[in-house]
Each structure stands twice: as structure tokens, then as C-alpha cells.
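Each chain gets a letter, A, B and so on, in the order the sequences are listed, and its residues count up from 1. Since the structure is predicted, the reported quantities are computational estimates derived from the model, not experimental observations.
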Amino acid sequence: MNNVELADVFERIASLLDIKGEVVYKTLAYRRVAENLRSLPSDVNIYWQENRLDEIPGVGKAISEKIDELLRTGNLGFLERLEQEVPPSLLEMLQVPDVGPRKVALFWKQAGVKTLAELEAAARNEKLRNLPGMGEKSEARIIAGIEALSRRSHRMLLGNAWIIADSLLIDLRKQPGVVRAEAAGSLRRWKSTIGDLDLVAGCANPLPVMEWFTHHPDCHRILASGENKSSIELNNGINVQLWIQPPERFGTLLQFVTGSKEHNVHLRELAQKQNLSLSEQAIVDASGKEFVFSHEEDVYKALGLPYIIPELREDRGEIQAAQENRLPNLLKLEDIRSDFHMHTTWSDAANSVKEMALAARELGYHTIAITDHTSGLGIAGGLTVEGLVEQRKDIDAVQKELGDSILILQGAEVEIKADGSLDYPDDVLSKMDIVVASLHTSLRQPRERITERLVNVIRNPHVDIIGHPSGRLLPNREGADLDYDVILKEARKAGIVLEINASYSRLDLDEVHARLASEMGILLAIDADAHTIDQLQLMAFGVSVARRAWVNPELIINTWNREKLLSWLASRR
DNA sequence: GCCGTTTTCGGCCCGACTGTTTTCAGTCG
């Protein structure tokens, strides 16, 4: 079992215990471990083999024993017994908005409801309204919530979420009295996929703004409406929340709504130790005196911390690092001076070599690599070996025309075939300026096979960059089941570059593995994988992955100047 | 169930909103 599978088990235990009515702190402990396992950069099996499970945050004696049993046998007696007691089908009902563990237990024990389908039938047959604490409105809310489930799509892509949020923000900022308005939540933290949208505004008179929000033309229904907080469902099924505080309290509000929840809990614990209480409204000291903040930076300052940028706020060590004044120096978009993965009309893209070069020069880049698909990827109209010769003439002509202002490398995104061989022979690869190799097909091979397939490519001295290593497509298609401990060790040994693909449907390497790669000193490239000139600007999304992964900017080859880059390329040839 | 610059036991963040209640429980972020 891998980290994610173990995390799923503990998440399941937490939910079942919640329904059973176990004390919340116990279920919280399981949830914390699940979260920590998901962001653990190294394979949990290694901790297990080296007898260091208790070094994982939140893992104590009881959970350590459970991990051991799961990794040894693949099963867990504790969970099996729990599922005898609490039917796992009950978990379906937790997806319904406003239905939590207490309600599920109520429906199960007092109405015999065990599945989501039975819940819907019971609600429609008016069987829930007479249960304790329930009424007609609660019953109607459950029906509406179940209907919303089918409208609600999976998580949004980061790029799409920004588009929707920006358009709402433009109107929000025009509302009377709104001094400041920002996107917060996971969007402001640049998480790879987004669930709900959170907007915050500083405004002295919130009611008219809330009125505008809940009567927005795209509003499908109102989920909650209050003075400080309202929540709506848009016609496209996306939920948006708007939080408002007076402008002088905007700092604590923005801090709070940006999250993450785990970061905020940790921060509030830290405040408590200083006899302070932190909320979205203010910091209050032991005597009840209130301190308000219009700027977020001052909230951190008041707690004795340097400013922590939103991308780091996942409770993955950033608060400790801030306390010890060792927050990482992080990559900025303006540090990016080159892009090593883009397509042109020579394969499946919209713009010519010259158009791409001009657009990249406009962005301030000193070097680009043209990396069209190879013939093996049939759907992408890949280049044959003969076609490469023609393309080289085109690149040479554009280079001559544009002179020294931008360097255009001839590369290719070489297809890694199912048997692990590459689409071009070595003698062709050796004549290229730079070579990206990527997986697109047969991604479902078993772990050992696909890991070996990629290791072979990493060891090929003609390959410089592994493009989007896992092949995942957000939000739903999982990447290859790679053994990252093997892949990263081989990458370090070979001195090869791993790509953080900046297309927001990829963001691959993901942040967890990018962080580990950086800790291991592996070189990384961030590439937009542009198929149009506009898509060169997707780079910002790749930069966000590097920031969230604490990546050391010096390891990112896009930050190097041209001389350093060329001498590195020469050393590989 | 975890954890310790006030603790190996007794804590474990804080507030808004809703609906069912006449003061609060449940859910959510």
C-alpha cells in the first residue's frame, strides 16, 4: 500500500468513528494522520522498513501498529470490526451538504436509513421531518442537497477557478463601500485543484453587498445568507462564499479565509500559548482587549512571525520554519527566463516557430526549446525524422532573423513507447539541442513495469528532461503508479531534469514529489507546454507548484542565464 | 489518539449560519 491508500484507510476510520459517536479528538487524530500521509514526500514503506513510523507527525503507538498491520497483511482487523458495527454504506450520506456524522447516525438508528438512495426516499416520503431536531425545512434541505450532488462536478482546475473568481471580483469591487476584495481559500494558496470559491471583502456596510451577491444573475440558489458570510451555488454547480468584515478587520479576515484549515488551527494554538485568541475578526488578549488588522502581514507580525506567503500555508512545517526564521527563499515568476517545452505548427499546435519565439521574447525569455511531438504519438501529428530536417531549416532561418535576442533550441517531446524504448533512434537524438521525453500511453502498467520503463529513459544519456513524469490529467485521471523513490534516485544519479509541467490540467511533478526532488538536489524545469502563444503564460501555474513545494530556485534551470544553461547542455553531450 | 519551554495527564481553534428550539446542536470553513 502507498501513502494515499493508507491515508484513505485512516480517513475512512475517522468518518466511521464519527458516525459511531466517538470523541471528536480521536477522529481528529486519524484525520490529521491521513492529511500528513498525503503530503509526506517519501514512501511510507521506507519509514516502515526503517522502523521510523513514529517520526511521521501525528503517528503514535496505536496508529503505528495499524500501519504496520496494513503494510504486512494488507488488512486491518480494527477496520473490519468497525465496519461490522457501522455499515460503510452510511459514508455515502456524508457527501450531502448539511448532513454530518450526527445526522447520519440519527437517520440510521431512528429511521433505519443505511444508504444515500434510502435517505432520498425517506426524505421524499416525509419520513425524516419527525425525527428529533428535524423539521420540514431540514428535510427539504436534504432533498435539495441530494439534487445538488448530481449537478456538482468534481473539483475545478486551478486556471478555470481563477477565471470565474476574477470575473466575480471585478463586479464585487464595484459595489458601493467595498474598499478591498480578494479571492482567498485554496485559490489564493494556488492549490492544484479547487473545490469551492471563497471571496473576501472589506466593507463597512455589508448588507447591500450581500444583497448583490445573493441576487447575482448566475446564482442558482442561496445556501446561506448572513451579515458576515453568504454562500451561493452558481448555475454551473460551483459554490461560492463571500465573507465581509469592516475594512479595518480585512487583515484577519483574509488570513482566516485563505486557510488552510490546518494552518489556521496551528496558528491559533500558537496564539493561545501567547494568551491571545485569534479569529477572523481580531486578536484578543487575556484582558479582552481587541487588536484589529487591516493588513494580513500585521496579523503574523502580532504573533511574532515573519509573513508566510499563502502558497506555504498547508501546515507542512511553515509555521515552525517561520518561528525559526528559516522560511525558504522561493521562486518568483519573474525569475523564469526560458521555457523548454512548447509545440508549433510542425506538430499539433497553432503557432509557428517565429510566433512562439517572438511571444517568448516579449516575456523576457533568453532561450526557448521547440519540442514538437514525435511520429509515435499519432493523434498529435508528430514529426518524422525527415520532418525534423525541414524543421531545423525553419528554426535556423528564424534564429538568423531574430539574432541574439532569443536563442531557439531544436528539441522534441519524444514519445516513450510502451516497451520503454524511444520514438527516435539514438543517433537522431544526439543531433538535437535538447530532448524532452514523455509518457502519454500505457499509463496503467503495473508499478514495477512502468517504473522500469521510465528508469530506462532516465539512464539514456541523450535525454535531458522527463516531461510531465506521471502523465496525470486533473482533476480525475490519476498518473502512472510510479515508484518515486526509485525514479528520484535514478534522476539524481543521471543528473537529468524533471519537469514541472505548468499546464493546469497537469501540474506534474506534483508538489509533494517536487518538494522531495528539491530536497534531494535534483534539477527541475518548469515548462508551459504551450500549444499557442497565449499558453506560454501558463508558466505562472508551474511556478505556483514550485512555491508550494518549497523548491530551491537555484535548482530550476529556467532561472539560469544563457551561459550557464548552454554549458550544462554541453556537459550532457 | 496524540502530545509536552508552564503538562506523561488533561488538554486539544474559533465563529457564522440554520433550523429547531425557547438556549442550543449540528455543520461548515
Earlier contact from the 5' end, DNA chain B, for A:Leu131 and A:Phe78: A:Phe78

Interatomic distance where CZ belongs to A:Arg129 and P belongs to B:dT21 [whole Å]: 13 Å

Integer angstrom distance from the C1' of B:dT18 to that of B:dC9: 38 Å

Spacing between A:Leu94 atom CG and B:dG26 atom C1', to the nearest angstrom: 13 Å

Aromatic plane relationship, A:Tyr307 with A:Tyr300 - under 30° parallel, 30 to 60° tilted, over 60° perpendicular: perpendicular

From B:dT27, B:dC17, B:dG1, nucleotide with atom closest to A:Lys229 side chain: B:dC17

Whole-Å gap separating P (B:dC28) and CZ (A:Arg31): 11 Å

Charged N-O contact under 4.0 Å between A:Glu118 and A:Lys114: no

Rounded interatomic separation in angstrom, taking CG from A:Asp98 and P from B:dA16: 18 Å

Watson-Crick or G-U wobble partner of B:dT8, both distances under 3.5 Å: none

Passing candidate, salt bridge (Lys or Arg N to Asp or Glu O under 4.0 Å) with A:Arg313, options A:Glu262, A:Glu318, A:Glu296: A:Glu296

Residues touching DNA chain B, which here means a heavy atom under 4.0 Å, drawn from residues 289-313 of chain A: none

Residue met sooner reading DNA chain B from 5', once A:Val104 and A:Met210 are mapped to nucleotides: A:Met210

Touch class at under 4.0 angstrom, heavy-atom based, for A:Pro132 against every strand present: nothing

Lys/Arg cation over aromatic A:Phe250: A:Arg180, 6.0 Å, 45° cone: no

Which nucleotide in B:dT27, B:dT18, B:dT20 has an atom nearest any side-chain atom of A:Ser138: B:dT20

Euclidean distance, atom NZ of residue A:Lys137 to atom P of B:dT27 [Å, nearest integer]: 18 Å

Short side-chain to backbone donor-acceptor contact, A:Asn264 and A:Phe256, under 3.5 Å: yes

Among A:Leu242, A:Leu223, A:Ile222, A:Val240, side-chain contact (heavy atoms from CB on, under 4.5 Å) partner for A:Ser231: A:Leu223

Rounded distance in Å between the C1' positions of B:dC3 and B:dT8: 9 Å

Nucleotide B:dT20, atom C1' - distance to CG of A:Leu128 in whole Å: 15 Å

Atom P, compared across B:dT22 and B:dC28: separation rounded to whole Å: 23 Å

Shortest non-hydrogen contact from A:Thr252 toward A:Ser279: CB-O, 3.6 Å

Contact letters for nucleotides 2-14 of chain B, in which S counts primed atoms plus P, OP1 and OP2 and B counts the base, heavy atoms under 4.0 Å: SS--------BBB

Residue A:Arg141, side-chain heavy atoms: nucleotide from B:dT18, B:dC17, B:dG1 that is nearest: B:dT18

Salt-bridge contact A:Arg515-A:Glu511 (side-chain N to carboxylate O under 4.0 Å): no

From CG (A:Leu234) to CG (A:Asn239), nearest 0.5 Å: 8.0 Å

For atom CD1 of A:Ile194 and atom P of B:dG29, their distance in whole Å: 14 Å

Gap between atoms CG and C1', on A:Asp198 and B:dA16 respectively (whole Å): 13 Å

Nearest-angstrom distance, P atom, B:dT21 to B:dG26: 13 Å

Ionic contact status for A:Arg38 with A:Glu11, cut-off 4.0 Å: yes

Sugar-phosphate only, base, or nothing, as touched by A:Glu262 at under 4.0 Å among non-hydrogen atoms: nothing

Sugar-phosphate only, base, or nothing, as touched by A:Ser225 at under 4.0 Å among non-hydrogen atoms: sugar-phosphate

Span that lies between the P atom of B:dC2 and that of B:dA16, in whole angstrom: 33 Å

Pairwise P distance for B:dT7 and B:dG11, with rounding to whole Å: 14 Å

Ion pair A:Glu334/A:Lys332, N-O distance below 4.0 Å: no

Atom P, compared across B:dG15 and B:dT20: separation rounded to whole Å: 26 Å

Phosphate OP1/OP2 of B:dA16 contacted by A:Gln241 side-chain N/O (<4.0 Å): no

